[in-house]
Engineer: 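Can you read through this structure? Questions will come right after.
These values consider heavy atoms only, across backbone and side chains, with no hydrogens, waters or symmetry-generated copies. Source: prediction; values computed, not measured. Residue numbers begin at 1 in each chain, while the letters A, B, ... track the order of the sequences.
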Amino acid sequence: MAQYGLMNTTVRALISQVPDRVSLDGLETTWDQRWTANSTFSFDRTATREQVYSIDTPPPTASGSLHIGHVFSYTHTDVLARYKRMTGLEVFYPMGWDDNGLPTERRVQNYYGVRVDLTLPYDPDFTPPFEGTTKAIKAADQVPVSRRNFVELCERLTAEDEKQFEDLWRYLGLSVDWKQTYQTIDPNARAAAQRAFLRNLARGEAYQAEAPGLWDVTFQTAVAQAELESREYPGFFHKVAFLRPDGEKVWIETTRPELLGAVCALIAHPDDERYAGLFGTTVTDPLFGIEVPVLAHAAAEMDKGAGIAMCCTFGDQTDIQWWRELNLPTRSIIQRDGRLTRETPAWIADGPGAALYAEGLAGKTTFSARAAVVDALRACDAMDGEPVKTLRNTNFFEKGDKPLEIVTSRQWYISNGGRDEALRAALLKRGSELAWHPDFMRVRYENWVGGLHGDWLISRQRFFGVAIPVWYPVLPSGEVDHDHPIVPSEASLPVDPTSEAPAGFDEAQRGVPGGFVGEADVMDTWATSSLTPLIASGWERDEDLFARTYPMDLRPQAQDIIRTWLFSTVVRSHLELDTLPWTHAAISGFILDPDRKKMSKSKGNVVTPMGMLEQHSSDAVRYWAASARLGVDAALDEGVMKIGRRLAIKVLNASKFVLGIAGGQGAALELDPALVTEVLDRAMLAALADVVEAATAAFEKYDHTRALEVTETFFWMFCDNYVEFVKDRAYHGDEAERTSAVTALGIALDAVLRLFAPVLPFVTEEVWSWWREGSVHRAAWPEAAGLRDAAGDASGDVLAASSNALAALRKIKSEAKVSMKTPILSVELAVPADLMEAVRATQADLIATATVTGPLVLTEAPADAPRDSLGGITVVASKLGEPPVKPARK
RNA sequence: GGGCGCUUAGCUCAGUUGGUUAGAGCACUACGUUUACACCGUAGGGGUCAGGGGUUCGAGUCCCUUAGCGCCCACCA
C-alpha cells in the first residue's frame, strides 16, 4: 500500500545523506540487495482481488541466453508494474522459467554430449562425458543415456541457466516478487498441465486420432499448425508420363517424383476440358505398375503445372483433402525417419517395378530416392525434358531445417475451434473482449483464429516435457487398446506413465497381455505454457491466492507468439473456467539491429544485455526501452541509452542541488504548499500539475512512452529555466522569498522523482534515500490536485513566458559570444500583450537570473507581430557590459 | 493472393478531436567554465511531412491511389 500522499499533509523531510559526488556506479547491486532485504516488492496476500494488479509474466525459455529484446519487453512490463504499485494497487508479479521442451533437450545434448536411448536403464552414477565444451559435439560422438538420466541433466542445466537469468533481471531492476517463481517443468506445473488435460479429456475436448499429419523427420515428432514456418525451398518440376491402357501418355508435373510409388489418383478440375475425357478412366504409373483412377475435384487448379495433379499419400495438405474426400487408399512410403519404407509396398506390382524399389529406393532418403526415380523415368522415356528449377514455399517446423513430411500417426488433440464453428466464434469473441495494447494487434489474433484448419495437436514424441497422463490396457491378444485410456486421479498428479503403474496395476503388468502400457508421448510445451496464469495464481493448489489474482490483469508478451502463447492461453481459460485469462494484453515489438533486421539467434546478430547494462547503467537501458511504444519495433540505439544515462545523472545532480540549497545535510525541509508564495514558484507547480495529469492519463492508457516524455520535457525545463530563475532568490532572497523557492523546489523534486520512478528505479530510489523514508517505489503516485492547490491561481503559462523572456536575454549574450555572466546594462523587450502580465510579475527573478544591472524596459509588441519560438518576445535594444574577469587559475 | 503496421531534419522519434511560421533529442556549428551537473550550459543552422490526386476556408493529420520497408496469414501438383 502507498505510504503517503502529498495531498493534505505537510511532509517534513530530513536531509540525511547527500553525497559530495554523485554517481550511477553500483546503484543496481546496492538497491537490488536492499529491495530484497526490505521485501519491497513482496506480494501482500491479504489484498483483495480489487486491490490487486496481477501480471502473467512471460516465462523466458531457460535454455539459451537472454538477449537485448528480452530486456526491452520486460522493461515495458516492469515500468507498468511499478506505476500500478504506486497507484496503490498490490502488484502480483511472479517470474516463471520455461524449461520444458525441445530447446532444453537440444541444449543438453550439445552441452553434455548425450542423447536419449529409451532402451537404456537408469544409471545413478552417470557422469556426462563433456560439459560445456565450446566446440560442437558431433551427433556420432554423443553418449547414449536413459531418459531419466537425460531429464536429470535437463534439470541440472536449467537450474544454472535460471540463476543467471535471475541475476540479469535483478540487475535490470525488475520489481518481480522473487518468492513467486515457477518452472514449467516443476511438479506444480506438471500437475496443473496434467489436471487441465484430464479435465479436457473428461469433457471431450481432448481426444486422440490416428491421422496423417505434419511430421519433422529430424526430431521425429509431430508438429502443430502453430509451429509451422513457411520457407522458400529450391526444387524442380519434373514432367512425368502416366500411361493410359492404350499406351497414350498423360503428362503431369511434380516436384516430388520420389513419391511416385505412393500415387493414388490423378486429379484435375471438373471444368477442365483438357481432361474431361479422362475422368472415370484409369492410368498406370510408368515405373511401378500402379493403376490409379483419373478423378475430378474442385481443389485442382487448372493453371498449376499441367493442370492435372498426381495425388500421393502424402505429399501435401491438398493430398490429405483429396484422400479424405475421394476415399482414396492409403499408400504411405515415407517413414518417420524421412526414409522410404524398407519393404517393398504391396501395391507395387511384381516385376521390374518391385525390383527397382527393392534395389534402388528401399530405405533411401527422399533426396537420393528422387535421383533414383528420375534416372529410372529417363531410362523408360517417361520424363519430358530436364527438370525445371523452381523455388517453392514449403512448411518447416520453426525449429527444424528439413521440410516437413506427412506421416500417419496416433496423436492427441485439444479442441481449439479449428473444427468447431461455435467454439471458434466463442474464441473470437474472447479476443474482442480483451483490451489489446496496441489495439491493432487484435487483428493478428482474429486472422489466426479465423484461419485455423484443425484442432490443436498437443502430443510430441519427445522426452523432456510433461507426460500425457494416461495408460492403455493391453488386451489378452497383446494388442494395445488405445480407445479406453486409463486415467490417474487428480490427487496422484503429476504422474509419469512410463515409470509408474496405474492404480490397480503393478509394474510387472507393464506391456503384458491383460496389463497396461504407459503413454510415452509428452505434451507440447505450449500445452503447459497455455496455463501460466493458472499455474502462477495457484489454480487448484492455493485457492486463496487464486481468488486474489485470477483472472489476471495483464498478459505482456511479444507479437510473434500471439498465435501460440496468447491464443492457447485463451483457449484453456475459456474451456476450463469460461473466462478470459486476463483483461489486458500488452504486446511489445521486436528489436531491430542497426540494419533494421529483426534480431534473432539464427541470424547471429544478437546483442547480449549484461554488457549494455554495465556500460550505460540499467536506468539508461530502461530509458531506451521505455522510449519505444508498445507494439512498435525499435532499433537497438545506444545513442538513446546515452541520453538515458545523461538524464539519470541529471536527476542525481539536480537533486543534490535542490537538497543542498534547502540546507544540505541535517536540514529539515517542510513540503508545505502554503509556504509557496512567489508567482513564479506557483506557476512552476501549476505546470507540474499539468504534467502529472498528462503522465497519469498516459499510463492509464498503457502509454508509458508518453508518460516518460512529458515528465522528461518538464524536468529539463525545470533544470534549465526554473532552477536558474530561483537560484538568486534561494541564495540571497529574504526569508519568505527563500522559503517559497526552497519549498517549491522540494515539492517539485518529490513529484518528479515519483514520476520518473517507474522508468528510472535506481536513481530515483537513490535520491529518495537521501531525504525520505521508505522506498519511492512504495510511495504514492503524485496527484495533480495537491499541486494545483499549492499553485493557487497561477498558471504554467507564466513560467513559459518568463522562460522565453530569459531565452531572449540569453540570446543577446550568446550572439555577442560572451559569457552568461556578462551584465546587461540596459535592455528593451517587446512582449505580446497576452504575455505582458506574466513577464512583469516575474521580472525580479528575470533581472537577477540574466544579470540585468540597468533598466529593463517592457514594451507591448504589435498585435500582428509574428510568434516565433520565444512566443513573440523579441529584443528591441540592448547594451552589454564588460564580461567578468576570469578568475586566476588555481 | 488477403491483412496489419510503417514512411516527418543526416540519425532515433514526437506530433492528441484537421487550426498561427511542423517539434524534441542525438549529431553538427559557434560561444561560454556559471557557488548541482563538462557525463555541463547558451545559442544557431538543418524538413516539398514517401509520390500523386481529392475533401475543406484550412491537411503531416481525413479519403482515394501509387511506391518502398517490416510483419502476420494463405499459397507446396
Side-chain angles (χ1 to χ4, degrees), chain A residues 18 21-24 230 233 235 237-238 240 252-256 259 266-268 299-301 304-312 315-319 322 390 392-395 403-404 438 440-448 450-451 453 559-560 562-563 589-590 592 594 596-598 624 627-629 631-635 637 639-640 642-643 645-661 694 697 705-706 709 712-713 716 719-720 723-724 727 731 806-807 810-822 851 866-869 872 883-884 886-887 889:
Chain A
V18 184
R21 211 171 277 166
V22 298
S23 166
L24 298 177
S230 184
Y233 189 71
F237 280 117
H238 305 75
V240 176
I252 60 106
E253 287 192 34
T254 179
T255 56
R256 303 211 52 190
L259 291 178
L266 296 192
I267 297 172
E301 296 181 40
K304 244 183 205 175
I308 186 163
M310 169 176 88
C311 175
C312 307
D316 62 31
Q317 305 265 18
T318 317
D319 286 343
W322 284 329
T390 176
R392 57 204 192 99
N393 279 310
T394 307
N395 278 329
L404 293 172
F440 67 79
M441 288 293 178
R442 182 195 315 277
V443 176
R444 301 208 177 179
Y445 176 93
E446 289 167 351
N447 282 349
W448 177 253
H453 44 246
Q559 54 175 310
D560 55 337
I562 289 173
R563 67 177 185 173
F590 289 131
L592 309 172
R596 313 263 345 147
K597 299 244 168 57
K598 179 189 167 187
W624 160 75
S627 297
R629 286 174 297 166
V632 175
D633 295 344
D637 189 343
V640 177
K642 285 179 183 156
I643 299 165
R645 181 178 176 84
R646 201 174 70 121
L647 174 64
I649 292 170
K650 193 79 172 179
V651 168
L652 291 175
N653 277 312
S655 303
K656 185 181 90 167
F657 168 76
V658 168
L659 298 179
I661 214 163
T705 307
R706 179 85 185 139
E709 186 191 337
E712 188 186 7
T713 302
W716 284 106
C719 291
D720 294 345
V723 166
E724 294 302 321
K727 266 183 185 173
Y731 282 125
L806 177 60
R810 282 169 170 163
K811 194 170 172 177
I812 297 170
K813 303 182 189 182
S814 198
E815 285 180 349
K817 302 191 174 186
V818 296
S819 157
M820 288 295 140
K821 292 292 279 180
T822 308
T851 51
R867 294 297 180 107
D868 58 9
S869 57
K886 289 181 186 176
R889 291 198 182 275

Engineer: If you go through the side-chain atoms of Ser230(A), does one of them form a donor-acceptor pair with the base of rC75(B) closer than 3.5 Å?
Structural biologist: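 Counting by modelled atom types and ignoring angles, a donor-acceptor contact under 3.5 Å is found here.
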
Engineer: Could you tell me how far apart Lys727(A) (NZ) and rG41(B) (C1') are, to the nearest whole angstrom?
Structural biologist: 10 Å

Engineer: Would you say Lys642(A) reaches rC11(B)'s phosphate, i.e. side-chain N/O to OP1/OP2 under 4.0 Å?
Structural biologist: no

Engineer: Do Cys719(A) and Lys650(A) come within less than 4.5 Å of each other through their side chains, counting heavy atoms only?
Structural biologist: yes

Engineer: Any donor-acceptor pair, under 3.5 Å, between the side chain of Asn393(A) and the base of rC75(B), if you only look at N and O atoms?
Structural biologist: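 Side chain to base: pair present.
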
Engineer: At under 4.0 Å between heavy atoms, what does Lys821(A) touch on the DNA or RNA strands: base, sugar-phosphate, or nothing?
Structural biologist: sugar-phosphate

Engineer: Considering just the side-chain nitrogens and oxygens of Tyr731(A), establish if one lies under 4.0 Å of OP1 or OP2 belonging to rA36(B).
Structural biologist: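 Yes, within the criterion.
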
Engineer: Using purine N1 to pyrimidine N3 plus N6-O4 or O6-N4 for Watson-Crick, or N1-O2 and O6-N3 for G-U wobble, each under 3.5 Å, what pairs with rA14(B)?
Structural biologist: none

Engineer: Rounded to the nearest angstrom, tell me the gap between atom CZ in Arg629(A) and atom C1' in rG5(B).
Structural biologist: 11 Å

Engineer: Closest heavy-atom contact between Gly589(A) and Gln559(A)?
Structural biologist: CA-NE2, 3.5 Å

Engineer: Minimum heavy-atom separation for Cys311(A) to Ile267(A), with atom names?
Structural biologist: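 Here Cys311(A) and Ile267(A) meet closest at CB-CD1, 3.8 Å.
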
Engineer: If you look at every strand shown and take non-hydrogen atoms under 4.0 Å, does Cys719(A) touch a base, only sugar-phosphate, or nothing?
Structural biologist: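 Since a base atom lies under 4.0 Å of Cys719(A), the category is base.
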
Engineer: So what does Glu724(A) hit on the nucleic acid, given a heavy-atom distance under 4.0 Å: a base, only sugar-phosphate, or nothing?
Structural biologist: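 Glu724(A): base contact, heavy atoms under 4.0 Å.
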
Engineer: Measuring from the side chain of Ser814(A) (C-beta onward, heavy atoms only), which nucleotide among rC72(B), rA36(B), rU42(B) has the closest atom?
Structural biologist: rU42(B)

Engineer: Let's test this: given Watson-Crick or G-U wobble pairing with both distances under 3.5 Å, identify the partner of rA36(B).
Structural biologist: none

Engineer: Does any part of the side chain of Phe657(A), heavy atoms only, come nearer than 4.5 Å to the side chain of Val723(A), both counted from C-beta?
Structural biologist: yes

Engineer: Classify Phe237(A) by what it touches in the nucleic acid, base, sugar-phosphate, or nothing, heavy-atom distance under 4.0 Å.
Structural biologist: sugar-phosphate

Engineer: Does any nucleotide pair with rU7(B) by Watson-Crick or G-U wobble geometry, both distances under 3.5 Å, and what is it?
Structural biologist: rA67(B)

Engineer: Send over the distance from Ile812(A) CD1 to rC31(B) C1', rounded to a whole Å.
Structural biologist: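 The answer, rounded to whole Å, is 15 Å.
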
Engineer: Does Arg646(A) put a side-chain nitrogen or oxygen below 4.0 Å from OP1 or OP2 of rG41(B)?
Structural biologist: yes

Engineer: Would you indicate what Lys304(A) reaches in the nucleic acid, counting non-hydrogen atoms under 4.0 angstrom: base, sugar-phosphate, or nothing?
Structural biologist: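 Contact class for Lys304(A): base.
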
Engineer: For Ala628(A), answer base if it contacts any base atom (sugar-phosphate contacts may also be present), sugar-phosphate if it contacts only those atoms, and nothing otherwise; contact means non-hydrogen atoms under 4.0 Å.
Structural biologist: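 No contact.
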
Engineer: How do Thr390(A) and Ala816(A) order along RNA chain B: which one's closest nucleotide is nearer the 5' end?
Structural biologist: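 By nearest-heavy-atom nucleotide position, the 5'-most residue is Ala816(A).
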
Engineer: Just the rounded figure in Å: distance from C1' of rA36(B) to CZ of Phe657(A).
Structural biologist: 6 Å

Engineer: I want to verify a distance call: between rG32(B), rA36(B), rU42(B), whose nearest atom is closest to the Ser819(A) side chain?
Structural biologist: rG32(B)

Engineer: Give me the distance, rounded to whole Å, that separates rA14(B) from rU35(B) when you measure between the P atoms they each carry.
Structural biologist: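 After rounding to an integer number of Å, I get 39 Å for this pair.
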
Engineer: Write down the distance between CZ (Arg444(A)) and C1' (rG5(B)), rounded to a whole number of angstrom.
Structural biologist: 8 Å

Engineer: Please classify the nucleic acid contact of Asp319(A) as base, sugar-phosphate, or nothing, using heavy-atom distances under 4.0 Å.
Structural biologist: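 Nothing, no heavy atom under 4.0 Å.
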
Engineer: Would you mind telling me which of rC76(B), rA74(B), rC37(B) lies closest to the side-chain atoms of Lys650(A)?
Structural biologist: rC37(B)

Engineer: When both hydrogen-bonding distances must be under 3.5 Å and the geometry is Watson-Crick or G-U wobble, what is rG1(B) paired with, if anything?
Structural biologist: rC73(B)

Engineer: For rC13(B) and rG47(B), measure between their C1' atoms and round to the nearest Å.
Structural biologist: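 Rounded to whole Å, the distance is 14 Å.
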
Engineer: When both hydrogen-bonding distances must be under 3.5 Å and the geometry is Watson-Crick or G-U wobble, what is rU29(B) paired with, if anything?
Structural biologist: rA43(B)

Engineer: Would you classify Val658(A) as touching base, sugar-phosphate or nothing, given that sugar-phosphate means primed atoms plus P, OP1 and OP2, and contacts are heavy atoms under 4.0 Å?
Structural biologist: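 Touches nothing.
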
Engineer: Quick one: Lys656(A) NZ to rC40(B) C1', roughly how many Å, whole number?
Structural biologist: 12 Å

Engineer: When all nucleic acid strands are considered with a 4.0 Å heavy-atom cut-off, which category describes Arg645(A): base, sugar-phosphate, or nothing?
Structural biologist: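 Contact class for Arg645(A): base.
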
Engineer: Mind checking the P distance from rU21(B) to rA59(B)? Whole angstroms is fine.
Structural biologist: 11 Å

Engineer: In terms of the nearest nucleotide of RNA chain B, which residue is placed more toward the 5' end: Ile643(A) or Ala654(A)?
Structural biologist: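 Of the two residues, Ile643(A) wins.
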
Engineer: In whole angstrom, give the distance that lies between atom CD of Glu446(A) and atom C1' of rA74(B).
Structural biologist: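 The distance from CD of Glu446(A) to C1' of rA74(B) comes to 17 Å, rounded to the nearest Å.
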
Engineer: Find the distance Arg810(A):CZ to rC31(B):P and express it as a whole number of Å.
Structural biologist: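 Rounded to the whole Å, the gap is 20 Å.
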
